[in-house]
Amino acid sequence: MKYGTIKNKLVSSIVAAALAPAIALGASYFGAEGAVQAAGAKANCQVHAVLASKEGEGKLPKSLEFLRTTLEDDQFAAYKSFHLVDKKTLKLVGSKTGNAQFNSGHKLGLTLLEGDANPKLKLRLELSGRDGESNLLKTDYSIEDNGLVMIAAGKHSHADVDGKLFFAIQCASKS
C-alpha cells in the first residue's frame, strides 16, 4: 500500500515540475496580449466624491441625479442627504494610468487593462487613504461599458456636514 502512495506522490511531483514552466510562459504570454489590446484602447472616466449624511431633507442635488437609482437602493437607506464633494475626469489611453487627487486627500489611479474588443472594460483601480499614502483599495475589476462602481472611503466631514465618503466611478470606452 505504501509503495502506491509514494509512487503517486512522485509522479505528481514530476508532472507538476514539468508543467510549471509551460504554465508560467502561458500566463506571461496572455498577460502581454492583454497589454497589447489595451495599447489602442481609450476610455473616459468620471469620478465623483459623494458625501452621504444621515442629516438633511432627503433631496438629491442635480449634480448627483445620475446616481438616483443607486442611492435609492437599500444599502443607502440610512442616509438622508447626499453632497458632491469633488469631481474629476480621467482620460485613459492604452495602458497609461490616469491619476487624480481629491480635496479629501485621497488619491485615485485608474488603468485600462482591456477595452474596445470586449463588451466590458477591465480596469485596475488604486485608491489611497486620506493621507494620500496608505492603500485603501487596490484591485482589478471588469464592468460593463458606462457601468458604475461605488466605493466607501470612510467617515468624512465637508462644509459642516458629517457623513461617509463614497467614490462613484463611471467609465465609458471611446473609439
Side-chain angles (χ1 to χ4, degrees), residues 27-53 56 59-73 75-76 79 81-159 161-175:
S28 65
Y29 172 76
F30 288 115
E33 183 179 318
V36 170
Q37 286 179 350
K42 297 178 183 177
N44 290 331
C45 300
Q46 296 291 324
V47 183
H48 295 78
V50 179
L51 183 63
S53 177
K59 292 184 180 179
L60 189 64
K62 288 185 180 183
S63 60
L64 297 176
E65 189 63 38
F66 74 100
L67 290 173
R68 179 173 293 283
T69 305
T70 302
L71 297 177
E72 288 177 344
D73 193 81
Q75 62 185 337
F76 293 100
Y79 303 106
S81 65
F82 300 93
H83 311 271
L84 180 62
V85 174
D86 209 348
K87 176 184 174 182
K88 302 289 182 182
T89 300
L90 298 174
K91 295 183 184 284
L92 306 181
V93 179
S95 58
K96 293 183 181 176
T97 300
N99 293 299
Q101 184 162 352
F102 293 86
N103 295 334
S104 63
H106 293 88
K107 292 179 183 176
L108 183 134
L110 275 175
T111 308
L112 185 61
L113 300 177
E114 293 179 25
D116 292 342
N118 299 323
K120 291 187 176 189
L121 295 173
K122 186 170 182 181
L123 300 158
R124 173 166 294 133
L125 167 68
E126 294 183 43
L127 179 63
S128 77
R130 194 170 294 132
D131 63 4
E133 299 298 323
S134 61
N135 278 335
L136 186 61
L137 179 66
K138 187 174 183 178
T139 189
D140 294 352
Y141 69 98
S142 294
I143 191 163
E144 292 180 10
D145 191 22
N146 211 29
L148 177 74
V149 173
M150 294 281 288
I151 300 168
K155 293 181 181 180
H156 187 69
S157 295
H158 176 74
V161 177
D162 294 329
K164 191 171 192 177
L165 189 64
F166 290 88
F167 287 93
I169 304 167
Q170 191 170 27
C171 295
S173 64
K174 183 180 173 187
S175 325

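Predicted model only: the values in this text are computed from it and were never measured.
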Legend entry - Taking every non-hydrogen atom, the tightest pair across Gly163 and Leu51: C-CD1, 3.7 Å

Inset, instruction - In sequence, state the C-alpha distance, the side-chain angles, and the governing distance for Met150 and Thr70, and then conclude on side chain to side chain contact (heavy atoms under 4.5 Å, CB included). - result: CA-CA 9 Å; Met150 294 281 288; Thr70 302; 3.9 Å; yes

Inset, instruction - Any chance you could measure Ser81, atom OG, to Leu60, atom CG, to the nearest 0.5 Å? - result: 10.0 Å

Legend entry - Residue pair Ser128 / Gly105: nearest heavy atoms and the distance that separates them: OG-O, 4.2 Å

Legend entry - Neighbour count >12 (heavy atoms, 6.0 Å) for atom CZ, Arg130: yes

Inset, instruction - Determine whether Thr111 and Leu92 make a side-chain contact, defined as any pair of heavy atoms from C-beta on separated by less than 4.5 Å. - result: no

Inset, instruction - First locate atom NZ of Lys174, then atom SG of Cys45, and finally report the distance between them rounded to the nearest 0.5 Å. - result: 11.5 Å

Legend entry - Test item: Leu123 and Leu112 side chains (from C-beta on) under 4.5 Å apart, heavy atoms: yes

Legend entry - Check against side chain to side chain contact (heavy atoms under 4.5 Å, CB included), Asn146 and Cys171: CA-CA 5 Å; Asn146 211 29; Cys171 295; over 6 Å; no

Legend entry - Backbone of Val161 reached by a side-chain donor or acceptor of Ser53 within 3.5 Å: no

Legend entry - Gap between atom CD of Gln170 and atom CD1 of Ile143 - 0.5 Å precision: 8.0 Å

Inset, instruction - Measure the shortest side-chain to side-chain distance between His156 and Lys164 over non-hydrogen atoms and say whether it is less than 4.5 angstrom. - result: no

Inset, instruction - Measure from the side-chain N and O atoms of Asp86 to the backbone N and O of Phe102, and report whether any donor-acceptor pair falls under 3.5 Å. - result: no

Legend entry - Taking every non-hydrogen atom, the tightest pair across Gly109 and Asn99: CA-OD1, 3.6 Å

Inset, instruction - Measure the spacing between CG of Leu84 and NE2 of His158 and express it to the nearest 0.5 Å. - result: 8.0 Å

Legend entry - Other residues, nucleotides, ligands: >12 heavy atoms within 6.0 Å of Lys88 NZ: yes

Inset, instruction - Search all heavy atoms of Ser173 against all heavy atoms of Asp145 and return the closest pair with its distance. - result: N-OD1, 2.6 Å

Inset, instruction - Assert yes or no for the condition that the ring centre distance of His48 to Phe66 is strictly below 6.0 Å. - result: yes

Legend entry - Gln101 atom CD, over 12 foreign heavy atoms within 6.0 Å: yes

Legend entry - Check: His106 ring centre within less than 6.0 Å of Phe167 ring centre: yes

Inset, instruction - Examine distances only and state if a side-chain atom of Asn135 and a backbone atom of Lys138 form a donor-acceptor pair shorter than 3.5 Å. - result: no

Inset, instruction - Please work out which of the three classes, parallel, tilted or perpendicular, describes the rings of Tyr79 and Phe76, given edges at 30° and 60°. - result: tilted

Legend entry - Side chains of Leu121 and Leu113 in contact at under 4.5 Å (non-hydrogen atoms): no

Legend entry - Check ion pair Lys62-Glu65 (N to O, under 4.0 angstrom): no

Inset, instruction - Go through the steps to decide whether Tyr141 and Val149 satisfy the test side chain to side chain contact (heavy atoms under 4.5 Å, CB included), and finish with yes or no. - result: CA-CA 10 Å; Tyr141 69 98; Val149 173; 3.5 Å; yes

Inset, instruction - Report yes or no: do Asp131 and Ser134 form a side-chain donor-acceptor pair below 3.5 Å? - result: yes

Inset, instruction - Dump the intermediate steps for side chain to side chain contact (heavy atoms under 4.5 Å, CB included) on Leu148 and Ile169, then the final yes or no. - result: CA-CA 6 Å; Leu148 177 74; Ile169 304 167; 5.9 Å; no

Legend entry - Spacing of CD1 belonging to Ile151 relative to CG belonging to Leu137, to within rounding of 0.5 Å: 5.0 Å

